[in-house]
Amino acid sequence: MGKMKSILTIAGYDPSSGAGITGDMDTFFSLGLHGLSAPTCTVIQGPQGVEKVYSTPLKYFREILNTIGKGASLQGVKIGVACDEPYIRETAAFLKNKKGIPVVIDTVFAAKNGTQLITEAGISALTKLLFPMATVVTPNLAEASRLCGKAIKTMSGMKEAARSLIKLGPKAVVIKGGHLKGSPIDIFYDGKEFLSWEKKRIDREVHGTGCAFSSLVASFLVLGYALKDAFFTAEEQMEEVLKASYRIDKLGYFYMSAGIMKSAQADRWQVIHGLREAKERLLTLNPVELIPEVQMNVGYAIEGAAGTEDVAAFPGRIGKHQGKIQIKAGPLFDASSHVALMILTYMRYYPRIRACANVRYDEAIVRKAKTAKMDAVFYDRMKESASTKGTEGRGLDIIVERVLKKAKRPLDIIYDKGGLGKEPMIRLFAKNPGELIQKMEMIRP
Ligand code: PXL
């Protein structure tokens, strides 16, 4: 793999993984950067907010910086909660030996509930010692107001603040206007031009947004983006991650994670990719003998699927025409309720088994499966009570449920010989579509 780019966050430790170091790591790793950290303090908190703050013994903090400074070649630094003057002095000394790499300072002064996260002496040391070394500083309206000594409430006030903050030494200033009346707008100023980004207002309190934004800016700078591009790209990415924010308890703040968001996106791609490969294999192998009257479908669910929206299949199903397998469209998510419900039911018992296809019933096919040592269990639909027949899709997952519950082991095949007005059917299960197709080849008459 070669050498990985590394970025250091000097910030507070949030045990709930929303803000600070734990949040910053999530951002760094999600963008393919290796994250290192030096905690200035531990902020005791959960989704209900900050309770207490304990600063890191200065000696520990110094030793962490010394060791990291000697051992790792860093490509960027992000600073969050700076805590107090001594930590800022150590940080400034550390940065003196790291000239030329981007330094993003998120001026964190207080938590949402008002708990102070930096001392007055700290604020003054931050601006005097660290602002001149900064590539970007990212105050919100309250922090910019505190730094400029007057309340900022309007866009022209924000611009005036940016002009005065740039004089303190950073190459660029981003003022976050999330609490502006009317549209929330962030502005960027590099001493030459103003840029702005109008944000979408969201109706939830998300913890750690400031940390995530500044980590994104720092990460994009490490990745080689120009200042303006880092600003815009961080804003775009924030919008995405905020949309995917979630709660970790019934009440309290929402959390956000670029890592979780990206892993979900990657999972969905992997599922689509698996089904595309299956589609190619099916077209090549052309197992028309396995297509039932009602046609076939092949479904594949993401890890931890919660509903049919997490299961992909082929819309309009897989049929045959003039001796050839015909796949009309897809794969797509939420494209089949039958196969999807069977997979979701199966996954409640065996979460690793995420693929299913329905196959034409034939005694010879079941015999071949058994000869190949597949575990096939018969379900008698004739014995079904009227109450479970219900709608088509529902019946099938109840079959899966009943058979697995009784079998107490994962099965390759659950089949039935039909019922009133129901075509007999074989349901084939596997970990993934590749394994599913292998099984189809094994049972093909
Ligand atoms: O969101 C500001 C912030 C930053 N860093 C840490 C925090 C908080 C707020 O709680 O705990 C460590």
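Being a predicted model, the structure only gives us computed values, none of them experimental. We count ligands from 1, going down the list as the structure has it; atoms in each ligand are counted the same way.
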Quiz prompt | Test: D310 and R268 ion pair at under 4.0 Å | solution = yes

Enumerate donor-acceptor pairs with a distance under 3.5 Å from any side-chain N or O in residues 177-185 to protein atoms, sequence neighbours excluded.
unit_1 : atom_1 : unit_2 : atom_2 : d
S183   : OG     : E198   : OE2    : 3.2

Quiz item: Under a 4.0 Å heavy-atom cut-off, which residues neighbour ligand 1?
Solution: G12, A19, G20, V43, Q45, V50, V81, V108, A111, L117, H207, C211

Self-check item: From Y246 atom OH to S257 atom OG, the distance as rounded to the nearest 0.5 Å
Solution: 4.5 Å

Quiz item: Should E63 and K59 count as an ion pair when the cut-off is N to O under 4.0 Å?
Solution: yes

Practice problem: Could you point out which residue of K199, K200, K176 forms a salt bridge (Lys or Arg N to Asp or Glu O under 4.0 Å) with D186? | Solution: K199

Self-check item: Between OG on residue S245 and NZ on residue K243, distance to nearest 0.5 Å
Solution: 11.0 Å

